[in-house]
There are 2 protein chains.
Amino acid sequence: MTSSSPSAKRQHVVDTAYALFRRDGFHATGIDRIIAEADIAKMTMYRHFPAKDELIVAVLEHRAARFERQLDRLRATADTAEAKIATILDWHERWFRDPDFHGCLFAHALAEFGDPDHPVFKAAVRQKNGLRARMCSFLEAEMPPERAEAAAAALLMLIEGATLMAQMGDVDAAVDNARKAASAIIAGARLPR
Amino acid sequence: MTSSSPSAKRQHVVDTAYALFRRDGFHATGIDRIIAEADIAKMTMYRHFPAKDELIVAVLEHRAARFERQLDRLRATADTAEAKIATILDWHERWFRDPDFHGCLFAHALAEFGDPDHPVFKAAVRQKNGLRARMCSFLEAEMPPERAEAAAAALLMLIEGATLMAQMGDVDAAVDNARKAASAIIAGARLPR
DNA sequence: TTAGATATAGACAGACCTGTCTCACCACAA
DNA sequence: TTGTGGTGAGACAGGTCTGTCTATATCTAA
């Protein structure tokens with residue numbers, strides 16, 4: 001409990017590690033590289049994060065929290081469910097068009113840590129379920145819960161697929177067709193069965 | 001040019017590497033592990049694949065060819081576009097339910113090799129575009145090319161997202177909602193604008 | 001000023017990584 | 001018997017990996 005903030009260094013490590021993980025992946029980024037880039041001592045890093053896995057989880061949780069904050073702020077700017085979903089897609093389009101876009105870090109984490117019991121895997125799943133739950137809550141205001149859940153799952157899949165397609169280089173097709181398909185999914189969910 | 005077949009050993013290496021890559025990832029699987037599991041000499045491996053990257057590309061291409069063969073066989077068993085898409089979704093459901101399912105190796109390759117110029121990245125993109133092109137050709141029989149392309153892109157995104165969701169453990173939701181959303185997408189593509 | 005926490009540099013261990021190289025082996029031909 | 005050419009086993013080089021440890025330096029608060 002000294003110093004300016006309780007964990008300024010810690011946050012600096014998280015930010016640096018995030019930039020490297022995003023660019024090069026988790027396994028391909030060594031601890032030595034992180035401490036060199038962050039310009040800290042190795043022991044400082046190991047005091048805050050006793051193992052690399054814990055650093056990875058911390059990075060993912062920090063990014064997930066940030067994402068959810070942005071999402072909740074966007075939600076307030078639109079009123080209908082369709083408009084809220086549209087703002088989420090707009091957000092994704094801006095992300096895809098960022099010159100530093102490298103795909104979804106959480107999806108990459110799932111790819112590199114395939115064991116469902118691994119803390120990194122679980123952290124990535126938590127983020128995806130957070131997004132799904134948020135979309136579901138939008139939709140529940142305008143349709144029965146069962147329909148809302150199904151539509152939210154479909155929209156989540158669509159967004160994940162669009163992120164992959166954007167990473168493959170086809171941003172325009174990903175965005176345009178994701179928007180069209182999202183409309184079709186929401187329209188389909190409203191239809192009487 | 002001795003021995004029985006021109007590349008029995010080579011194929012054995014590819015098969016062994018595939019099993020390991022699938023389970024543990026590309027970077028996390030070492031050459032030593034592959035040659036131990038395949039029970040071959042290191043030089044045999046390096047004669048066929050001068051570098052690890054080339055082995056990875058060979059594995060991806062072998063699996064892509066196999067996938068496309070299965071897809072083309074399935075295509076013959078259905079007549080309408082919607083039925084053909086349905087058989088593709090059925091194929092994916094069987095895949096998801098395989099106890100050895102670990103997600104899409106091509107998506108994992110994109111995650112681990114983020115450089116668009118990297119041969120591994122390109123090999124993964126080729127597979128995705130192959131699937132998209134096949135679905136597009138089904139749809140073109142029943143709608144204008146522009147609509148078919150958009151619908152194929154949306155279906156590809158949906159399938160990729162469903163694969164991710166299945167990897168996260170939610171196979172039932174992934175399959176059910178992907179089928180519903182696929183119907184909505186195809187129906188939407190048929191609608192007059 | 002002094003105590004205590006926090007950060008520093010960097011050596012070190014032990015394992016693993018990719019990729020190269022040597023040498024023994026073995027089948028077969030002359 | 002001797003030669004030849006493909007294959008095997010595995011030592012080796014040089015680098016990187018994670019994680020530990022020591023000894024020194026800096027900063028804050030009492």
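Letters A, B, ... are given to chains in the order of the sequence lines, protein chains preceding strands, and every chain is numbered from 1. Since we're looking at a predicted model, the values are computed, not measured.
- For A/A152, the side chain to side chain contact (heavy atoms under 4.5 Å, CB included) test picks out A/R132, A/M135, A/C136, A/L139, with sequence neighbours left out.
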Contact string for nucleotides 8-19 of chain D, one letter per nucleotide 5' to 3', B = base within protein heavy-atom range under 4.0 Å, S = sugar-phosphate only, - = neither, reads SBB------SBB

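- Salt-bridge annotation for A/R75 and A/D72: present, with a side-chain N of the basic residue lying under 4.0 Å from a carboxylate O of the acidic one.
- Taking B/E112 as the reference, nothing meets the salt bridge (Lys or Arg N to Asp or Glu O under 4.0 Å) condition, with sequence neighbours excluded.
- C/dC16 atom C1' lies 14 Å from atom CD1 of B/I34, rounded to whole Å.
- The hydrophobic cluster containing A/V13 also includes A/V14, A/Y18, A/L20, A/F21, A/F26, A/I31, A/I34, A/I35, A/I40, A/M45, A/Y46, A/F49, A/L55, A/I56, A/V57, A/V59, A/L60, A/L105, A/F106, A/F113, A/V120, under a criterion of side-chain heavy atoms closer than 4.5 Å among ILVMFWY residues, counted directly or through chains of members.
- When the side-chain hydrogen bond (donor to acceptor under 3.5 Å, both in side chains) test is applied to B/D90, the partners found at least two apart in sequence or on another chain are B/R179.
- Separating the CZ atom of A/R10 from the C1' atom of C/dA5 is a distance of 18 Å, rounded to the nearest angstrom.
- Remark: B/R33 pairs with B/D24 by the side-chain hydrogen bond (donor to acceptor under 3.5 Å, both in side chains) rule, at least two apart or across chains.
- Under the ring-ring contact (aromatic ring centres under 6.0 Å, His included) criterion, B/F121 pairs with no residue, sequence neighbours left out.
- Remark: nothing in residues 113-124 of chain B comes within less than 4.0 Å of DNA chain C through any heavy atom.
- Each ring pair (Phe, Tyr, Trp, His ring centres under 6.0 Å) pair with one or both residues in residues 51-76 of chain B, not counting sequence neighbours, appears once here: B/F67-B/W91.
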